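Report on the structure given below.
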Amino acid sequence: MNDAPRVSVLIPNYNNGRASSSDGRTDLIGDLLASLRETLRGDPTPFEVIAYDDGSTDDSLETLRRWADDGFLRLIEDEHRGVLARTANRLVAASRGEILVRLDGDITVLTSGWVSKLCSVFDQGPPDLGVVGPKQLTPDGQWVHSFGDFVLHPKGYVHLHQGQPRHAVTRAAEVDHVMGCFYCCRRSVHDELGGYDEDILRGQTVDFGLRARRAGYRCFAVPHIEFVHRHSLRGERANVADTSAGIDRSRAAFLDKWGFDRLAVDLDVVRERYAGSPLLWNATVFGTPGIEVAGGASGGSVDASSWKAYASNEDTRRQIDFRVNVVKQLAEGRSGPVRVAVIGVGDGLLAHLLASAGMEVVGCEADAGKLALAEPFMGPQRYPGERPGLVHQTDPRRLPWGDNSADVVVWPGGIESHGNPVALLREAPRVMDRGGVFAVVTPQQEHAAAQGVAGLPGGYLAHELAMQVRAAVEWTVPTPQTPTNPKQPLVVLAAAEPAVFTAPRPAAA
């Protein structure tokens, strides 16, 4: 748009036209360009718009040609390669701006004058600011989908403030990463890092952002530039990167390069491999080495008073009975005594209730003090079978049970405040007998409010927990349904073979 653009707006495109939309009517790329024209009308900062078409076969290429003929953008056409990182690198090579803004072809921008606002962020921010991301809203524009992301986090890859109202998020936040669909960085950072890694078909910006972090650059999400990502309106595309095999290839390439899975991060590995690196910038996550466990069978801090509370407090009784009900349902139809292993057994109340129901129960607890509290209560109890066995978990990365020793492994509470859940999630398959089921229970969280900023996470969203379990254990993990009762905990299951599970009745919570 100007002989000396300060900002380069770069648009990779592959089949973002009407014909490729899920409803056959939504002109995704056309709507993006219209939003750019509207929001940048009169913006005083010089900018350029360049689109790179990766061999589109739908009407999006013709749309781009019309906009190029009108002089709004410069269009580069190529045969289909299916490697987004390659397209992005070629866009940068063709651009001239000192600030690079990469936009997916299925977003729309909402903020007027956003190019000048973005330049002010870089100009007024710290000198080591390298990457910036705006606020991503849901397609209806009412809610936050992502306000930056955390990757090196106990919950793995999570979106900050997901599910909060649009106008509730008003302060900038330092994060590990920002969404690649509206990705802004300094050209100098891009050039220093050598651009995007073309071996990673999906998640190139995660890799790029972590490399920038390791090189000493900071990343912020900013609230006063907003956009909508309409990926739900995009139909399936015949693109290798979007297939399960393509996603697996990208995860494998990332794992080989970094030494950890970006969806299920083992933080002990990160601490050891990148000790002293700027990659460990987040003091909330990396300030205290090792694994810490808080919580127990009730999903919160549990001590011996839970036995009394179970008898006298209706809410406590419902929460614990919910967990008992989960295990009972998983035990239905099994022949002989059901062997149940409980992670984070606390003061033994849940183990006692399961043993009272006729199950063979073993439990482990990282806090020796809780086990000491359990003994006076467990001693005098009578059971239809064996007394529960409670042991101290002395190795924070290993469950103290033999291989194939349990029919059901349950983590009934505490994963939401564990310092490195992946370490124990990956232990469950070893303990599980063939045909067994692994159940994780955690309190519901309405939205991802401030993980990694105000403290460790206070709970999971349903899809967050399912994604972490699925990525960590690589078993069959059915998609969980978010309970309609806000007091009902989330339950995520994993099984070596497909399992059928009916969620406990809401009244049980």
Side-chain angles (χ1 to χ4, degrees), residues 296-299 302 306-307 310-311 317-366 370-371 373-393 398-415 424-425 427-441 469 473 475-478 489 491-505 508:
S298 71
V302 177
S306 67
W307 290 71
Y310 182 74
R317 185 165 57 255
R318 285 180 176 176
Q319 291 293 324
I320 295 177
D321 282 348
F322 178 91
R323 288 153 172 81
V324 172
N325 196 22
V326 167
V327 178
K328 283 183 176 179
Q329 290 193 38
L330 294 177
E332 286 179 1
R334 297 179 184 272
S335 59
V338 177
R339 300 166 299 167
V340 180
V342 183
I343 302 172
V345 74
D347 62 1
L349 174 58
L350 181 65
H352 159 67
L353 294 173
L354 295 174
S356 297
M359 303 180 195
E360 294 181 358
V361 182
V362 293
C364 70
E365 175 56 60
K370 289 182 180 179
L371 290 179
L373 289 171
E375 186 59 33
F377 291 87
M378 300 291 286
Q381 305 295 334
R382 295 181 178 275
Y383 304 96
E386 293 293 324
R387 181 178 183 270
L390 307 183
V391 296
H392 183 207
Q393 184 191 346
R398 187 171 177 84
L399 296 174
W401 307 308
D403 297 353
N404 308 316
S405 60
D407 301 305
V408 177
V409 174
V410 58
W411 195 344
I415 188 174
L424 293 188
L425 290 176
E427 268 282 89
R430 178 187 64 79
V431 175
M432 197 76 58
D433 199 1
R434 180 172 177 82
V437 180
F438 176 40
V440 181
V441 187
V469 173
V473 304
W475 281 356
T476 299
V477 180
V491 180
V492 170
L493 303 174
E497 299 173 349
V500 178
F501 176 73
T502 302
R505 295 184 302 275

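Keep in mind that the numbers below use all heavy atoms, side chains included, and drop hydrogens, waters and symmetry copies. Worth saying up front: this structure is predicted, and the values here are computed from it rather than measured. Just so you know, residue 1 is the first one in the sequence shown, and it goes up from there.
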Indicate yes or no: at least one non-hydrogen side-chain atom of [X] is less than 4.5 angstrom from one of [Y].
| X | Y | result |
| --- | --- | --- |
| Val440 | Leu425 | yes |
| Ser356 | Gln381 | no |
| Tyr310 | Asp321 | yes |
| Val410 | Val326 | no |
| Leu390 | Val342 | no |
| Val324 | Leu350 | yes |

List, one per line, each side-chain donor-acceptor pair under 3.5 Å for residues 428-439, sequence neighbours excluded.
unit_1 : atom_1 : unit_2 : atom_2 : d
Arg430 : NE     : Glu427 : OE1    : 3.0
Arg430 : NE     : Glu427 : OE2    : 3.4
Arg430 : NH1    : Trp401 : O      : 2.8
Arg430 : NH1    : Asp403 : OD1    : 2.8
Arg430 : NH2    : Leu399 : O      : 2.9
Arg430 : NH2    : Trp401 : O      : 3.2
Arg430 : NH2    : Glu427 : OE2    : 2.8
Asp433 : OD2    : Arg339 : NH2    : 2.8
Arg434 : NE     : Glu497 : OE2    : 3.4
Arg434 : NH2    : Glu497 : OE2    : 2.7

Which atoms form the tightest heavy-atom contact between [X] and [Y], and what is the distance?
| X | Y | answer |
| --- | --- | --- |
| Arg323 | Pro489 | NH1-CG, 3.6 Å |
| Ala366 | His392 | O-NE2, 3.1 Å |
| Val441 | Ile415 | O-CG2, 4.4 Å |
| Gly344 | Glu365 | C-OE1, 3.5 Å |
| Val361 | Ala355 | CG2-N, 3.7 Å |
| Ile343 | Trp411 | O-CD1, 3.7 Å |

Ring pair (Phe, Tyr, Trp, His ring centres under 6.0 Å): pairs with one or both residues in residues 332-361, sequence neighbours excluded: Trp307-His352, His352-Tyr383

Pairwise salt bridge (charged side-chain N to carboxylate O under 4.0 Å, His left out) hits with a residue in residues 325-335, at least two apart: none

Kindly compute the distance separating [atom1] ([X]) from [atom2] ([Y]), expressed to the nearest 0.5 Å.
| X | Y | atom1 | atom2 | result |
| --- | --- | --- | --- | --- |
| Asp407 | Glu360 | CG | CD | 8.5 Å |
| Ile320 | Asn325 | CD1 | CG | 13.5 Å |
| Gln319 | Ser306 | CD | OG | 13.0 Å |

side-chain contact (heavy atoms from CB on, under 4.5 Å) involving Pro400 - partner list, sequence neighbours excluded: Cys364, Val391, Gln393

